[in-house]
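Contents: one structure, followed by commentary.
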Number of protein chains: 2
Amino acid sequence: MDNFNYHIPTDVYFGKGQISQLGQRMSAIAKKVLLVYGGGSIRKSGLYDQIQQQLQQADVTVFELAGVEPNPRIQTVRKGVALCKKEKIDAVLAAGGGSTIDCAKIVAAGSCYSGDAWDLVLDSSKIQKALPVAAVLTLAATGSEMDGFAVISDMEKNEKWGTGNDVTKPVFSILDPQYTCSVSKYQTAAGSSDIMSHTFENYFNNTKGAFLQARLAEGILKTVIRYAPIAIDHPEDYEARANLMWASSLAINGLISYGESTAWSVHPMEHELSAFYDITHGAGLALLTPYWMQYILSDKTVEKFAAYGVNVWDLDASQEPMRIAEEAIQKTRAFFTAIGMPSHLKDLGIDDTHFDVMAEKAANGGLAQGFVPLNKEDVKKIFIMAL
Amino acid sequence: MDNFNYHIPTDVYFGKGQISQLGQRMSAIAKKVLLVYGGGSIRKSGLYDQIQQQLQQADVTVFELAGVEPNPRIQTVRKGVALCKKEKIDAVLAAGGGSTIDCAKIVAAGSCYSGDAWDLVLDSSKIQKALPVAAVLTLAATGSEMDGFAVISDMEKNEKWGTGNDVTKPVFSILDPQYTCSVSKYQTAAGSSDIMSHTFENYFNNTKGAFLQARLAEGILKTVIRYAPIAIDHPEDYEARANLMWASSLAINGLISYGESTAWSVHPMEHELSAFYDITHGAGLALLTPYWMQYILSDKTVEKFAAYGVNVWDLDASQEPMRIAEEAIQKTRAFFTAIGMPSHLKDLGIDDTHFDVMAEKAANGGLAQGFVPLNKEDVKKIFIMAL
């Protein structure tokens, strides 16, 4: 197990009706808050009114940044930063899914930075300070509600990068699973795939002896495998929504990665798909993951995949490890297919036009440090397998 | 899953040499610190000198409360409180195991309280404020390094109670597994039993649908089952010591209990053994746990025990649930015996002399709210089974 510094300061108010905590908590840190949200689903659901009521009652003045995109754009971030600076806003409150929270984080950091916010996306070490960030979560997926990360795109440049650090971790987040009951079957499946992918990215690593972390990761995977189908078939099932929502936070808040050297592999590849084709992030992850697993399975990695098969998929441990590993990958693929995720790039209208440049950019996104180091040629092969 | 408010603010510096963080972190919160420790093992190990050096270099003045007992006494807490008040001390630093940290917490709370510190032990709601607490951990067991709890005894009254709340959660804790390599085989086994017992107390609950928490708890149990025997046979095995140490924190910091209605059963019973006979807490837990499991196994609880057997002990899921449950309890008993824990009260020199009063006091410790509610007669029967 590697050394680590554990720092997960976000307070989480989890469960039915926890929005009632918002006013009091927000007024303790801000007089003026920027409310960041997306396409207006929070108006339809009534959450917008609940938030306004909470903040009004607590004497907090609300400014708004609406229309955050599913893959949030730097242009939107810049608008938010300008508003925060102009109005001397004290805190940023995201109401939505990961994209909205990610946008809010870089707005918060950009408001304390003299240069252009895109600098902070390209170089997270430039994020030295940020306004306090809080979140009301409406989608179980990215885990942005409890970590410091943010992924921001510049579609004009086909660029999409992850950034963030400790100062962009939310001060508090409100997680009411009921808000996710209206999430569509497709987005529920994509969000679940995102949670699983975060867990895989942490689970498949080369650190020796981080046994406890691996077992916790398996627990998260089993949870998503159990509840994603239930949430898709029965959108109002609170137990399923609650387990998925809490899994989303724990998959990426550091719990299962502290003590390990993890470098992500599938996310950098998927970011290129999203940057070039603006597809749903979780769908891209679900599509690529089994091909990535298949590509890296070898005598060197078989032990880890076999443990995955036995501990997560309850495969018979007495079989040959390679057989267990192959079956585990098949199970993974079948699971994603069963919850309605795409399994071929062409189904998403993606052909090999940009494979070279996408593969090169992905390879530059840290793939050389991954569980199995991948170069541009490797990535291109995986894209071709996935066609 | 129940609603919950997640608040785990402790920063953890985990791994080899993390003591190097002490001076800087402490000087940020205190000019004068009370160093709390036990019988002097930290002097032998060199940790005492490391701490003094760190604090001196950071210009922090050190006062000392030495000689904290294995079951820390209120009399010792009072000495610490008097010193803090007299010297206007800013923070309390525990260096040791759970007893030392528990003592430090109530010293910290007592220093901000006008009455007698025993009030705070009897009624945790009286703890409104506390000096910042920090810890350097030398024993993997109680999890006190990352939670707000403290157990304090008054041996003159044969009383031992748990107390604490959010304000007594350590601000930061340093967890270097190397410090635990010198822990004896017996204390390693007792500490591991304590970790498992915390996990059991949380795991066996009646909340529906806290699936994720149950899987995480199973991960912690599997970790202790794997590594306790290794640490006992090979005390210098860093991987074993690291996994046990991190498991100790995660078993009780809230991770596996948030979202569940948990009320502990075996701890209140064991507290009576310790209060009357001053035995090692973990040994008492290891002794009582299998008898408690056996006593409460019924058609109503069999499902949970069968899940425990399948998921933790890898028992054949195709068997009858009652058979799996019984085998799981046998495995639990055999495990504790194998790591050298006692299995009969008489082995500890305990007879039935005080069973009536011990059973009554334990029953008043919240057992009516447990996984299976227990009254005085139930507890007495369990004690008799354990004779």
Side-chain angles (χ1 to χ4, degrees), chain A residues 1-18 21 146 166 172-177 208-224 226-227 237-247 249-251 253 255-256 258-259 310-312 314 317, chain B residues 1-18 21 146 166 172-177 208-224 226-227 237-247 249-251 253 255-256 258-259 310-312 314 317:
Chain A
M1 197 185 297
D2 295 342
N3 279 11
F4 61 89
N5 297 349
Y6 176 103
H7 176 66
I8 306 182
T10 305
D11 285 340
V12 174
Y13 300 93
F14 191 100
K16 295 177 185 174
Q18 291 277 27
Q21 310 268 3
M146 213 174 171
D166 276 353
F172 68 91
S173 286
I174 293 171
L175 275 59
D176 184 338
K208 297 288 173 213
F211 182 92
L212 174 54
Q213 290 89 330
R215 301 294 85 74
L216 300 178
E218 288 160 0
I220 293 171
L221 291 169
K222 285 198 254 191
T223 300
V224 181
R226 177 185 174 88
Y227 286 109
D237 188 301
Y238 182 81
E239 181 178 320
R241 295 296 188 178
N243 274 279
L244 290 174
M245 191 173 239
W246 194 217
S249 303
L250 298 188
N253 72 352
L255 176 70
I256 60 169
Y258 280 124
V310 170
N311 295 329
V312 174
D314 295 325
Chain B
M1 196 185 300
D2 295 341
N3 280 11
F4 61 88
N5 296 348
Y6 176 104
H7 175 67
I8 306 181
T10 306
D11 285 339
V12 175
Y13 300 92
F14 191 101
K16 297 177 184 173
Q18 291 278 25
Q21 310 267 2
M146 212 174 173
D166 276 353
F172 68 91
S173 287
I174 293 171
L175 274 60
D176 184 340
K208 298 286 173 214
F211 182 93
L212 174 53
Q213 290 89 330
R215 301 295 85 74
L216 300 179
E218 289 161 358
I220 293 171
L221 290 170
K222 285 198 255 190
T223 300
V224 182
R226 178 185 173 89
Y227 286 109
D237 188 301
Y238 182 81
E239 181 178 318
R241 294 295 188 180
N243 275 279
L244 290 174
M245 191 173 238
W246 194 218
S249 303
L250 298 188
N253 70 352
L255 176 70
I256 60 169
Y258 279 125
V310 170
N311 295 329
V312 174
D314 294 325

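Labels below follow one simple rule: chain letters A, B, ... track the order of the sequence lines, proteins then strands, and each chain is numbered from 1. Small disclaimer: the values here were computed from a predicted structure and weren't measured.
Listed by chain and residue number, nothing satisfies the side-chain hydrogen bond (donor to acceptor under 3.5 Å, both in side chains) test with Asp314(A) (two or more places apart in sequence, or in another chain).
Of all the listed residues (Val310(B), Leu216(B), Val12(B)), the one sharing the greatest number of non-hydrogen pairs under 4.5 Å with chain A is Val12(B). Most heavy-atom pairs under 4.5 Å with chain A, from the set Thr10(B), Asp176(B), Asn243(B): that is Asn243(B). If you tally non-hydrogen atom pairs under 4.5 Å between each of Gln21(B), Glu218(B), Met1(B), Lys208(B) and chain A, the highest count goes to Met1(B). For the options Ala240(B), Gly219(B), Gly259(B), heavy-atom pairs under 4.5 Å to chain A are most numerous at Gly219(B).
Here the CD1 atom belonging to Ile174(B) is positioned 10.0 Å from the CG atom belonging to Asn5(A), to the nearest 0.5 angstrom. Here CG of Asn311(B) is found 10.5 Å from CG of Asn311(A). Values are rounded to the nearest 0.5 Å. Here the CG-CG distance, from Leu244(A) to Leu212(B), works out to 9.5 Å after rounding to the nearest 0.5 Å. One finds the CH2 atom of Trp246(A) at 5.5 Å from the OH atom of Tyr6(B) (value rounded to the nearest 0.5 Å).
Sorted by first and then second residue, the salt bridge (charged side-chain N to carboxylate O under 4.0 Å, His left out) pairs with a member in residues 1-17 of chain A read Asp11(A)-Arg25(A); sequence neighbours excluded.
Residues Leu221(A) and Arg215(B) fail the side-chain proximity criterion, which asks for heavy atoms closer than 4.5 Å.
Two rings, from Phe211(A) and Tyr227(B), have their centers less than 6.0 Å apart.
Contacts between Ser173(B) and chain A at a heavy-atom distance below 4.5 Å are absent for every atom of the residue. Interface remark: Phe172(B) contributes no atoms to any contact with chain A (heavy atom separation under 4.5 Å). At a 4.5 Å heavy-atom cutoff, the contact between Leu250(B) and chain A is made by side-chain atoms alone. Only the side chain of Met146(A) has a heavy atom closer than 4.5 Å to any heavy atom of chain B. When heavy atoms are compared at a cutoff of 4.5 Å, Tyr238(B) approaches chain A solely by way of its side chain, counted from C-beta outward.
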